[in-house]
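What follows is a set of notes on a single structure, which appears directly below.
Counting starts at 1 for both ligands and their atoms, in listed order.
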Amino acid sequence: MSVSSVSPIVTTQTMPTWRQKDAEPFVRIEQINKTFGDFTAVNNVSLDIYKNELFCLLGGSGSGKSTLLRMLAGFESPTSGSIIIDGVDMSNVPPWERPVNMMFQSYALFPHLTVEANVAFGLKREGLPSREVKQRVADILEMVQMGHLARRKPHMLSGGQRQRVALARSLVKRPKLLLLDEPLGALDKKLREETQFELMRLQDELGITFVVVTHDQEEAMTLATRIGVMNNGEIVQTAEPHEVYEYPNNRFVAEFIGNVNLFRGTVVSDERDSAAIQCDDTNGLIALDHGISCAPNQLVNVAIRPEKMRIAREPSSAQNNSAEGVITEVAYMGSQSIYKVRLLSGKEVRITQPNSHRDTGERLTWDDHVYLSWDADSSVVLTS
Ligand code: ADP
Ligand code: MG
């Protein structure tokens, strides 16, 4: 039997839309720029978003997330480039005629209206029959678990409850595309987590396409089907959460998402299925189990996540992929411990280890001399 005949058959049903070749995007952003005077807030962004995605725009403050979202909603016009939603070019379509709803960072509820009336407001204005309005409002309030508080006014609600009312108000009009700008920003950690799951559930039930802006990488990792990482007005990587974490395509993404140790070094060999990097901070070389298609002697950064490094009192038997140093800090976090180690070169690295066993032996502690090691498939080489 040939190898190809036993390889699994990938059907389009199980594969997410964005991985399918030739799938039609629901939103197509093409070479969008937005300048304010001589300042470029959004720089040549191209992005396809597919139906039923929960797409997160993730980036630091001022990276251009809100500006991009506002252009999707039609509150800002691009300086150049185009936006196509559901096959229609939005250039000359005003906000109120787009199949889009936007929930703002400040929820902007009407203070004198009840929860119910706040949610019904938009539907009434559209002139829908009052029976239908009533039914749809009741359904959506049930869905966001606010049915029992329908008669309250906004000042009688907690921050999290107000947030759910605002969400209900933007969902009740059944937009094809819902844009949320830092929707969970005002919530405390626990409520935030609950609401994240609620958002995912609602998205799943209603089949609306969501674009969510956040500066919180954990939130993006939890919520998103895919993440677009923004920096200085550009999208620097678009990928699924695990890819963004495991295979960052540049240094900014590696450092922005989670913790990472970066080792600067020179490429000394680069074959089809192996490569080696000479680094002053490590014992031996950094050896990789894949080629990297670099120029000879190219300077690179090698990224290794803290949880992918092992720490021990004894050196590993391997010649490469190891380092030694002294523990300078230990933080016991219950489920895991974090160690900071100063290598012989003086470089500080961070290692996290799960505490999978109850303590039996002697714990590693400050000033212990330790050896670090990692596998050939644990590091990512970054050339930019
Ligand atoms: P983010 O939402 O990622 O924090 P924004 O999209 O709000 O960032 O802003 C990106 C950059 O564009 C910021 O430096 C901001 O000051 C600037 N900017 C946004 N709107 C305007 C405007 N109307 N006039 C001038 N500069 C603006
Ligand atoms: Mg913003």
Side-chain angles (χ1 to χ4, degrees), residues 27-49 53-83 85 90-91 94-96 98 100-109 159 162-163 166-167 169-170 175 177-189 192 195-196 199 209-239 241 244 248-258:
V27 178
R28 165 155 279 180
I29 299 173
E30 267 178 337
Q31 297 186 342
I32 282 279
N33 286 284
K34 179 68 185 178
T35 55
F36 297 106
D38 57 8
F39 179 76
T40 303
V42 171
N43 189 0
N44 200 27
V45 166
S46 294
L47 185 62
D48 286 342
I49 297 170
E53 272 209 83
L54 203 163
F55 192 95
C56 278
L57 287 169
L58 172 68
S61 173
S63 57
K65 308 179 297 293
S66 294
T67 306
L68 185 55
L69 206 66
R70 292 170 58 79
M71 289 194 283
L72 283 174
F75 299 127
E76 258 347 317
S77 333
T79 310
S80 64
S82 64
I83 293 173
I85 300 177
M90 291 290 124
S91 304
W96 58 91
R98 297 188 180 202
V100 171
N101 212 326
M102 178 148 168
M103 189 180 122
F104 293 96
Q105 205 161 352
S106 58
Y107 312 133
L109 299 177
R162 279 202 289 271
Q163 188 270 337
L167 192 60
R169 194 174 56 174
S170 38
L177 179 63
L178 185 59
L179 310 175
L180 306 167
D181 195 348
E182 309 259 1
L184 312 180
L187 309 185
D188 63 48
K189 191 171 159 52
R192 228 178 140 95
T195 316
Q196 281 169 5
L199 259 185
T209 305
F210 282 58
V211 182
V212 178
V213 158
T214 179
H215 64 271
D216 181 332
Q217 40 123 342
E218 267 180 51
E219 185 160 293
M221 297 295 274
T222 312
L223 283 176
T225 51
R226 285 186 306 152
I227 298 174
V229 186
M230 290 195 78
N231 185 31
N232 290 330
E234 292 179 59
I235 297 227
V236 287
Q237 183 168 15
T238 303
V244 167
N249 65 3
N250 64 66
R251 193 174 160 169
F252 175 82
V253 175
E255 291 189 295
F256 189 72
I257 315 245

Single hit among E218, E219, E182 for salt bridge (Lys or Arg N to Asp or Glu O under 4.0 Å) with R192:
E219
Protein heavy atom under 4.0 angstrom of atom 17 (C) of ligand 1, is there one?
yes
Under the 4.0 Å line, does any protein heavy atom show up next to atom 14 (O) of ligand 1?
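Yes, there is one.
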Any side-chain heavy-atom pair from I257 and M221 closer than 4.5 angstrom?
yes
Can you check whether [Y]'s main-chain N or O pairs, donor with acceptor, with [X]'s side chain at less than 3.5 Å?
X	Y	value
K65	V212	no
T225	L54	yes
Q237	N249	yes

Report whether any nitrogen, oxygen or sulfur of T67 sits less than 2.8 Å from the Mg ion (ligand 2) (N, O or S, backbone or side chain).
no
Can you sort out which atoms of ligand 1 are near [X], meaning under 4.0 Å from one of its heavy atoms?
X	answer
G60	3 (O)
S61	4 (O)
S63	1 (P), 3 (O), 8 (O)

Which residue holds the protein heavy atom closest to [atom], what is that atom called, and what is the gap in Å?
atom	result
atom 23 (N) of ligand 1	F36 CE2, 3.4 Å
atom 11 (C) of ligand 1	F39 CE2, 3.5 Å
atom 7 (O) of ligand 1	S66 CB, 3.7 Å
atom 5 (P) of ligand 1	T67 OG1, 3.5 Å
atom 10 (C) of ligand 1	G62 O, 3.5 Å

Between S66 and D181, does any side-chain donor sit less than 3.5 Å from a side-chain acceptor?
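Yes, side-chain donor-acceptor contact under 3.5 Å.
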Does the side chain of N33 come under 3.5 Å of the side chain of T79 through a donor N or O and an acceptor N or O?
no
Out of L72, V211, V100, which residue meets the side-chain contact (heavy atoms from CB on, under 4.5 Å) rule with V27?
L72
